[in-house]
Amino acid sequence: MSDQILVINCGSSSIKFSLVDPEAGTHVLSGQVERIGSDSGFLSWKGAVQGENELGPTDHRGAMHAIVKVLRDSELDFAGIGHRVVHGGEHFTASCRINDESLEVLRAHQHLAPLHNPVNILGIEASRTAFPDKPQVMVFDTAFHQTMPRRAYLYALPHHLYTEHGVRRYGFHGTSHRYVAARAAEQLGRPLADLALLSAHLGNGCSAAAVLGGKSMDTTMGLTPLEGLVMGTRSGDVDPSLHEHLCNTLNLSLKEISALLNKQSGLLGLSGGHSNDMRTLLQAEAGGHEGAALAVEVFCYRLAKALAAQVVALGRLDALIFTGGIGENSTPVRARTVALLPFLGLHLDSAANEDHGRANRGIITTTDAPCAMVVQTDEELLIARDTASIILQPEISP
Ligand code: AMP
C-alpha cells in the first residue's frame, strides 16, 4: 500500500486536492475544482500527471467524482485522506479520525463557522462516499490555538455568552502557525521548546500568533477570521460600534455590513477598489498610485502594531517569522514592517531581505537573536503528516 496521503481543502466554490508524501515532504500531484455551484465547473491538475477538464454545472459531490476519476486514471494510490476543517470549537484540540461520532460533533459546531464548516462537511461526506475504504482525518485551523490562556481568548463581554454560547476568541491559520514554528526551530537549529516566536501568516487572509515553546499563547483572529490584521478584502479590527453607525447613517443591513467588512475592505477597500493583491498594489504604488500606497502603508503599520502587542504574550522574542504568499515573497512589506519594530531588537539586513534570507537559514536581520526570518509554509504537508500518524493508530471504538 502507498504511504501517500490525499489532502482535501473544500471551500464554498472550490475543492483543492493534493497527493502528499508525508515522509519526503513532496507534493506528488495537486489540483483543484473551481467554480463549484456555477454552470462552468473547471478541474485542473498537475504534478505526476497533468490535465484540465470543463465540468459544466457541478456541485461538491460532482466535483469529488471528477477528482476520484483523475486519481483512478492516474493509478496513484494513497493510504488515507486528510481534510482541512476551519472550525473545531473547544471540542477539537488536535487533529482527529473521522467516523460517525466525530462527524456528528463537528456538525454540532456548524454555527461557529456558518460560511466554512458546512462546506468542509460536504467535502468530507462526498469523500467518504467516494472512498469508503480509506481512513480519513480532520485537521482544524483552530486546534493549535486551544492552548491560549483565558486572558487571551476571552472577550470582555457578559460571561454567559462564553459559557452558554461559546462566544470567545478561537484563532485560525493554526496549521500554518504550527508548521512554520517547527520549521523555524529547524532552520535556527534550536529546540522548539526553548523558543519565543512571533508568526506572521500573510496571505489573502492574515494573522499573527505568539508561539511559546511550541504552544500558541495568543493570536490576532478571534471568534471568526475577520478579527485582527488588515487582509486582502477583510477589514480586520474595527470599532465594534461601526455596525450601528453604518446602519444609522447609510441604512445598511447586518448582511450588507458583513459583506462590506469581509469582501470589500482590507487592501481592496483602502486602495479605492484597485486590488486585493499585494503584488499588484506594490507595482501600482511604484507607478504612483496613491490608493495603493495608502493600502500598503496601513497594512504594514497595523501588522507591526499587532506584532508588538503579541510580544506581551511571549515576554521575550527569539524570532519573528514571515510566511504566506506576502510574507514569503514581498521584500518591501517585510522591510517596512521590521523598520517599525526596532525596540524589539530587530534591524533589517537589506541584502538578506532581498534574497529572502536564503543565504542564512531564512534570517533577514543583522542579528541572529532576536531575528526576523522567512519560512515557507506548507499546510498540506502538516495535514498529511497528522493524517499519516493518526491512521497508523488503532481506531478506538466509543
Ligand atoms: P496566499 O493566500 O498565501 O497565496 O497569498 C496571496 C498573497 O500573496 C497575494 O496578496 C499576493 O499578491 C501575494 N504575493 C505573492 N507573491 C508575491 C510577491 N512576489 N510580492 C508581493 N506579494 C506577493
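Owing to the predicted nature of the structure, the values given are computational and were not obtained by experimental measurement. One-based numbering, in listed order, for ligands and for the atoms of each.
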N/O of Gly325 under 3.5 Å from N/O of ligand 1, yes or no?
yes

Partner residues of Arg72 under the salt bridge (Lys or Arg N to Asp or Glu O under 4.0 Å) criterion, sequence neighbours left out
none

Near Gly203, which atoms of ligand 1 are under 4.0 Å from a heavy atom of that residue?
1 (P), 2 (O), 3 (O), 5 (O)

Does any N or O of ligand 1 fall below 3.5 Å from an N or O anywhere on Asp277, backbone included?
yes

If you scan protein heavy atoms around atom 13 (C) of ligand 1, the nearest is Ile326 CG1, 3.6 Å

pair His83-Asn120: side-chain heavy atoms closer than 4.5 Å
no

Considering Arg279, Arg334, Glu379 one by one, which has a heavy atom nearer to atom 22 (N) of ligand 1 than any of the others?
Arg279

In the structure I gave you, are the side-chain heavy atoms of Met64 and Ile8 within less than 4.5 Å of one another anywhere?
yes

Exactly one of Val298, Leu294, Leu281, Val296 should register a side-chain contact (heavy atoms from CB on, under 4.5 Å) with Ser271. Which one does?
Leu281

Is there a side-chain contact between His177 and Ser207 in this structure, where contact means two heavy atoms from C-beta onward sitting under 4.5 Å apart?
yes

Looking only at protein heavy atoms, identify the closest one to atom 21 (C) of ligand 1 and say how far it is in Å.
Ser330 CB, 3.5 Å

If the condition is salt bridge (Lys or Arg N to Asp or Glu O under 4.0 Å), which residues does Glu104 pass it with, not counting sequence neighbours?
Arg107

re atom 10 (O) of ligand 1, the protein heavy-atom contact at minimum distance is Met278 N, 3.0 Å

Below 3.5 Å, N or O to N or O, backbone or side chain included: is there any such pair between Asn204 and ligand 1?
yes

Is there at least one protein heavy-atom neighbour under 4.0 Å from atom 4 (O) of ligand 1?
no

Could you list the atoms of ligand 1 found under 4.0 angstrom from a heavy atom of Asn329?
15 (C), 16 (N), 17 (C), 18 (C), 19 (N), 20 (N)

So, does Ser38 use its side chain to make a donor-acceptor pair with the main chain of Ser40 at under 3.5 Å?
yes

